[in-house]
Amino acid sequence: MARYNPKEVEPRQRAAWDAVDAFAAGPPDDPRPRYYVLEMFPYPSGRIHMGHVRNYALGDVIARYKRARGFNVLHPMGWDAFGMPAENAAMERGVHPKGWTYDNIANMRAELKRLGLSIDWSRELATCDPAYYGQQQRWFLKLWKRGLVYRKEGVVNWDPVDNTVLANEQVIDGRGWRSGAVVEKRKLTQWFLRITDYADDLIEGLKTLERWPEKVRLMQENWIGRSKGLRFRFAFAGYTPTGFADGLEVYTTRPDTLFGASFVAIAPDHPLAERVAAYHRDAAAFIAECRKGGTTEADIETGEKLGFDTGLWVQHPFDPQWRLKVWIANFVLMDYGTGAIFACPAHDQRDLDFARKYGLPVRPVVLPPGADPETFAVGEEAYTGPGTIFKSGFLDGLDVESAKAAAIERIEAQDQGRGATVYRLRDWGVSRQRYWGCPIPVIHCAACGPQPAPDDQLPVVLPDDVTFDRPGNPLLRHPTWRHVACPACGGPAERETDTLDTFVDSSWYFARFTDPKAVEPIDKTAADAWLPVDQYVGGIEHAVLHLLYARFITRALKDEGLMSVAEPFAGLFTQGMVTHETYRTTDAAERWLSPADIETRDGVLVEAQTGVPVTVGGIEKMSKSKKNTVAPEDIFDAYGVDAARLFVMSDSPPDRDVQWTAGGVEGAWRFVHRVWNEFDTQPEGVDIAVDMAGDERAKALRQATHRLIKSVTDSIESFRFNTGIARLYEFLNVLKGAPVAGASPAVLAARAEALQALARLIAPFTPHLAEEAWTRLGHEGLVVQTPWPTYDPALAAEDEVVLPVQVNGKRRWEIRVAAGLEPAEVEKIVLGDEEVTRRLDGLSVRKVIVVKDRIVNIVAG
RNA sequence: GCCCCAGUGGCGAAAUGGUAGACGCGGUAGACUCAAAAUCUAUUGUCGAGAGACGUGCUGGUUCGAGUCCGGCCUGGGGCACCA
């Protein structure tokens with residue numbers, strides 16, 4: 001009897017899979033139904049962390065399960081290989097980003113292979129490979145031709161640490177998503193992708209994504225932020241400023257409150273504000289002050305409403321005699337709606353704050369239900385609820401929604417505006433002033449303007465000979481790379497030196513995986529065969545960023561005819577994080593300590609090296625800064641890969657955070673050994689066909705086996721891997737209750753049947769152990785090539801059930817009856833039970849409720 | 001401020017409206033051992049000797065029956081945030 005040794009078994013079983021190329025996706029004419037399972041591909045930081053282990057183990061369970069269920073599974077892996085860390089390494093350590101990246105890829109590939117993932121490695125790709133980003137340049141130019149790419153000057157988010165521009169989605173709480181630096185506003189000319197063209201589609205599409213978490217759909221919907229309202233023009237009263245002969249256009253979602261108008265306000269960046277500033281020094285000073293304020297969180301929190309009276313007046317659209325003042329206001333945003341609003345202080349808090357500060361009129365026009373129209377007034381809080389419109393001319397008596405429609409209708413009839421839909425979503429700025437990214441394949445000619453790089457010059461390859469001794473974009477200071485001939489006129493021209501946001505790279509890789517060597521960006525036949533991805537697995541942190549960009553690019557490429565699906569991911573699963581306790585020294589320095597650096601001495605937690613006492617802090621996401629990480633490689637060495645995989649899936653539901661504990665992984669490790677012992681003690685050559693009838697113990701084991709198959713299958717199907725694993729643990733306890741020692745031939749046969757099932761059921765979770773066990777049972781082939789076990793419903797069903805009997809909802813005793821017994825029969829048994837008189841305690845039976853195979857409740861009084 | 005999610009033993013967690021706490025961790029006792037580790041066995045929500053009672057953040061309600069459904073509140077987490 002040999003002790004299970006993962007260090008010996010695991011590499012051997014991986015070699016066995018490789019020898020038969022077990023995980024290659026089937027050829028195009030494969031008759032099996034296709035299933036595409038994909039985890040978000042990693043950034044090659046150099047090492048895998050526990051988050052990767054969990055992410056890829058979860059995906060691997062699905063891939064292995066689906067394969068066993070007879071699917072032709074595509075389960076590829078690649079590298080999101082462009083990005084800042086490579087350049088930082090170049091600047092800090094003098095290594096080349098390319099070398100650094102490919103070294104990291106080599107390391108991480110080896111680590112991921114060690115995890116025993118059932119990946120089709122023949123499809124591996126890296127986004128920094130010209131073979132990949134060249135194809136990206138191809139479709140980028142196609143989208144340019146389509147009008148989905150444009151260049152404009154605008155105020156952008158500038159990350160002063162990474163020295164680059166960031167998209168709105170990449171600014172979190174006023175800081176760069178990667179660097180954490182406070183983002184500044186800069187005016188730059190940038191490349192944009194017209195994601196707003198698809199705003200409506202992207203919202204509507206969410207409704208079709210039934211296998212996405214509600215939470216993610218909601219976040220995307222909020223991010224796109226569709227609102228319906230009215231866009232209309234105010235005519236100026238008295239003086240009309242130059243360039244505004246058509247009036248001033250505003251956007252509102254509350255046209256029902258137009259008779260409550262108090263003033264009109266424009267953004268400090270509004271062209272009219274600039275016009276006013278041209279002849280009004282105080283206005284110019286006010287605008288400058290607003291810009292300085294910035295958009296950081298703190299500024300907004302304390303942000304006081306500030307305004308500047310332009311001295312201009314406009315006419316109310318429903319009453320030309322009624323004049324409204326035009327203010328410049330710091331709370332009006334230029335890049336939402338039209339950058340101008342009409343204010344109704346009674347029914348909008350911001351307008352109210354502003355009106356109170358500057359002594360402007362507050363006119364309630366929505367009467368809350370039950371309020372008195374004579375006395376209703378607004379104090380310090382605007383009324384935004386439902387009600388009846390009053391003091392509003394032709395809108396009087398209508399409810400809010402009807403009044404909106406009526407007001408829009410009137411404005412449209414007057415030809416002053418139209419009902420409009422406005423989005424919060426902005427176009428996606430994709431220019432990055434960095435070296436390690438996909439070059440934007442454009443050539444700038446002073447005479448001809450920006451020109452697409454000619455097809456025969458693609459890919460536009462990054463030059464290798466660049467320097468990182470100074471900040472800024474190395475492409476900009478490369479001596480020769482930029483200088484090329486204009487493809488249109490042949491004159492001297494310059495390459496675009498901006499590279500693409502790395503989120504562009506990850507917006508289509510799932511499509512490239514369907515044929516990673518295609519001569520076109522996407523092989524339509526392969527893409528249409530495999531897409532959409534049946535199950536995508538990744539972190540919730542990409543709920544808006546990557547997942548929104550990928551949906552957009554998929555739609556754009558579909559419209560370009562490159563593939564046929566509109567939604568890239570039919571099913572999405574967002575897994576929780578791996579967390580760990582944090583530790584700090586109690587000395588003045590309060591240093592964070594790694595779990596590896598602490599130990600218990602005389603019952604006190606101390607730093608191993610110094611003996612300084614340690615306090616246990618919160619349970620947080622594993623991170624380098626808090627030092628609460630555990631290196632996967634160390635765990636693999638100590639407990640084996642299977643135990644690590646098992647533990648990250650066993651202790652929490654996959655979508656929730658899981659807390660890494662030393663005790664937990666030891667439990668998983670014990671399970672691995674106990675499973676092996678059951679296989680190891682089973683004698684060889686047991687006759688499984690022996691007659692088991694009449695042997696109660698054998699029958700009980702067989703029933704447990706078939707119930708196990710059912711419950712593990714159900715658990716995997718519903719992504720509740722933790723409960724599936726719990727059933728496996730439970731079953732092991734059953735097996736141990738029917739040991740080989742002293743077993744009848746029938747029990748031995750039942751054990752053999754149980755082990756045949758068990759080896760296959762654990763295969764998605766602990767694949768190496770499963771394979772070794774399968775071999776131990778004497779099979780020639782591999783578990784990975786063996787179908788999923790099936791259960792006999794008759795055996796899985798209970799034949800006797802214990803029914804709790806309640807009296808008035810309180811459990812009093814229980815009876816044992818045949819499963820499936822009709823309620824009337826059960827009632828007879830219960831009422832005939834001698835317990836009944838004792839338990840009723842003098843009460844009489846009023847009613848008996850029997851839920852078949854579940855419970856009996858006697859209502860007595 | 002708005003939107004969403006979650007509160008269950010010492011801990012991670014189970015539980016189609018039907019026996020709350022499966023399974024694991026930790027604890028306790030025991031076996032094996034010269035001893036320890038490992039392993040195995042039993043036990044482990046609280047109170048109670050026991051029968052039993054009480055227990056799923058608080059509070060109302062629906063129901064024969066509520067952790068689960070509905071209303072209000074509290075706490076924690078996440079998202080958005082001057083979006084007109």
Side-chain angles (χ1 to χ4, degrees), chain A residues 3 172-173 213-223 225-227 229-230 250-255 257 265 267 293 295 297 299-301 303-305 329-333 335-344 347-351 353-354 384 422-426 540-541 543-544 579 619 646-647 650-653 655-668 670-671 673-674 677 711 720 722-733 736 802-814 846-861:
Chain A
R3 192 168 166 73
I172 317 288
D173 290 339
E214 183 63 36
K215 184 191 169 96
V216 175
R217 286 188 281 172
L218 212 94
M219 281 166 68
Q220 292 211 357
E221 194 173 334
N222 289 341
W223 185 265
R226 178 164 60 188
S227 79
L230 169 68
V250 301
Y251 172 74
T252 181
T253 56
R254 295 298 303 271
T257 64
T295 56
E297 196 181 16
D299 288 331
I300 291 163
E301 292 268 317
E304 197 183 352
K305 303 280 178 291
N330 66 340
F331 69 91
V332 180
L333 305 174
D335 48 6
Y336 184 78
T338 62
I341 62 160
F342 95 83
C344 175
H347 305 294
D348 182 287
Q349 192 59 46
R350 295 154 302 177
D351 297 350
D353 294 346
F354 192 87
T384 55
V422 161
Y423 302 90
R424 209 187 73 107
L425 183 72
R426 314 267 203 290
I540 187 80
E541 67 271 21
V544 174
T579 62
I619 295 153
L646 189 65
F647 175 58
S650 68
D651 237 26
S652 287
D655 53 344
R656 231 185 286 177
D657 289 354
V658 64
Q659 187 190 341
W660 184 273
T661 60
V665 71
E666 278 168 26
R670 271 197 289 274
F671 175 76
H673 284 275
R674 289 166 59 194
N677 283 341
S711 59
R720 295 182 315 179
N722 55 323
T723 56
I725 292 168
R727 295 288 89 79
L728 290 167
Y729 275 66
E730 216 171 8
F731 184 72
L732 201 66
N733 293 333
K736 286 172 63 139
V802 174
L803 294 185
V805 183
Q806 299 182 330
V807 178
N808 291 333
K810 295 217 182 276
R811 183 175 169 278
R812 286 302 178 226
W813 81 101
E814 56 190 35
R846 294 213 169 143
K847 193 173 166 191
V848 178
I849 290 153
V850 178
V851 181
K852 201 182 196 177
D853 291 344
R854 275 293 179 187
I855 202 164
V856 181
N857 191 14
I858 302 172
V859 186

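These numbers come from a predicted model, not from an experiment. Below, chains carry the letters A, B, ... as their sequence lines are ordered, and counting in each starts from 1.
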How far, in whole Å, is [M] from [N] if one measures between their [atom1] atoms?
N	M	atom1	answer
G55(B)	C47(B)	C1'	10 Å
A15(B)	G67(B)	P	15 Å
G65(B)	U19(B)	C1'	12 Å
C54(B)	U41(B)	C1'	31 Å
U68(B)	U56(B)	P	10 Å
C70(B)	A6(B)	P	11 Å
A13(B)	G57(B)	P	14 Å
C69(B)	G18(B)	P	11 Å

Looking for any heavy atom pair under 4.0 Å, which part of the strands does [X] touch: base, sugar-phosphate only, or nothing?
X	result
E730(A)	sugar-phosphate
D353(A)	nothing
S650(A)	nothing
G667(A)	sugar-phosphate
I849(A)	base
R674(A)	sugar-phosphate
V851(A)	base
Y251(A)	base
V332(A)	base

Compare side-chain N and O positions of [X] against OP1 and OP2 of [N] and report whether any pair is under 4.0 Å apart.
X	N	answer
R811(A)	G52(B)	no
R670(A)	A38(B)	no
T723(A)	A13(B)	no
R812(A)	A53(B)	yes
R656(A)	G77(B)	no
N733(A)	G24(B)	yes
Y336(A)	A84(B)	yes
K736(A)	C40(B)	yes

Restricting to non-hydrogen atoms, name the atom on [X] and the atom on [Y] that form the minimum distance, rounded to 0.1 Å.
X	Y	value
S227(A)	Y336(A)	OG-OH, 3.1 Å
R812(A)	V807(A)	CG-CG2, 3.6 Å
T384(A)	H347(A)	CG2-O, 3.6 Å

Checklist line | Nearest-nucleotide 5' precedence on RNA chain B, A668(A) against N808(A) | finding: A668(A)
Item checked: Nearest-nucleotide comparison on RNA chain B, the residue closer to the 5′ end among E814(A) and D348(A) -> E814(A)
Side-chain ([X]) to main-chain ([Y]) donor-acceptor, under 3.5 angstrom:
X	Y	result
S652(A)	D657(A)	yes
R426(A)	R424(A)	yes
D348(A)	A343(A)	no
T579(A)	V658(A)	yes
N857(A)	I849(A)	no

Under 3.5 Å on both distances, the Watson-Crick or G-U partner of [N]:
N	value
C73(B)	G57(B)
U63(B)	none
U39(B)	A31(B)
G52(B)	C47(B)
G1(B)	C80(B)
A13(B)	none

Next item on the list: Report the nucleotide, chosen from G79(B), A84(B), A13(B), that has the shortest atom-to-atom distance to any side-chain atom of P653(A).
Entry: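 It is A13(B).
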Note to self: Please determine whether any donor N or O and acceptor N or O are separated by less than 3.5 Å between the side chain of N222(A) and the base of C80(B).
What the structure shows: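 No, the side chain and the base share no sub-3.5 Å donor-acceptor pair.
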Check: Donor-acceptor pair under 3.5 Å: do we get one between R727(A)'s side chain and the base of A22(B)?
Finding: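 Counting by modelled atom types and ignoring angles, a donor-acceptor contact under 3.5 Å is found here.
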Item checked: Syn or anti conformation of G78(B), syn meaning chi within 90° of 0 -> anti
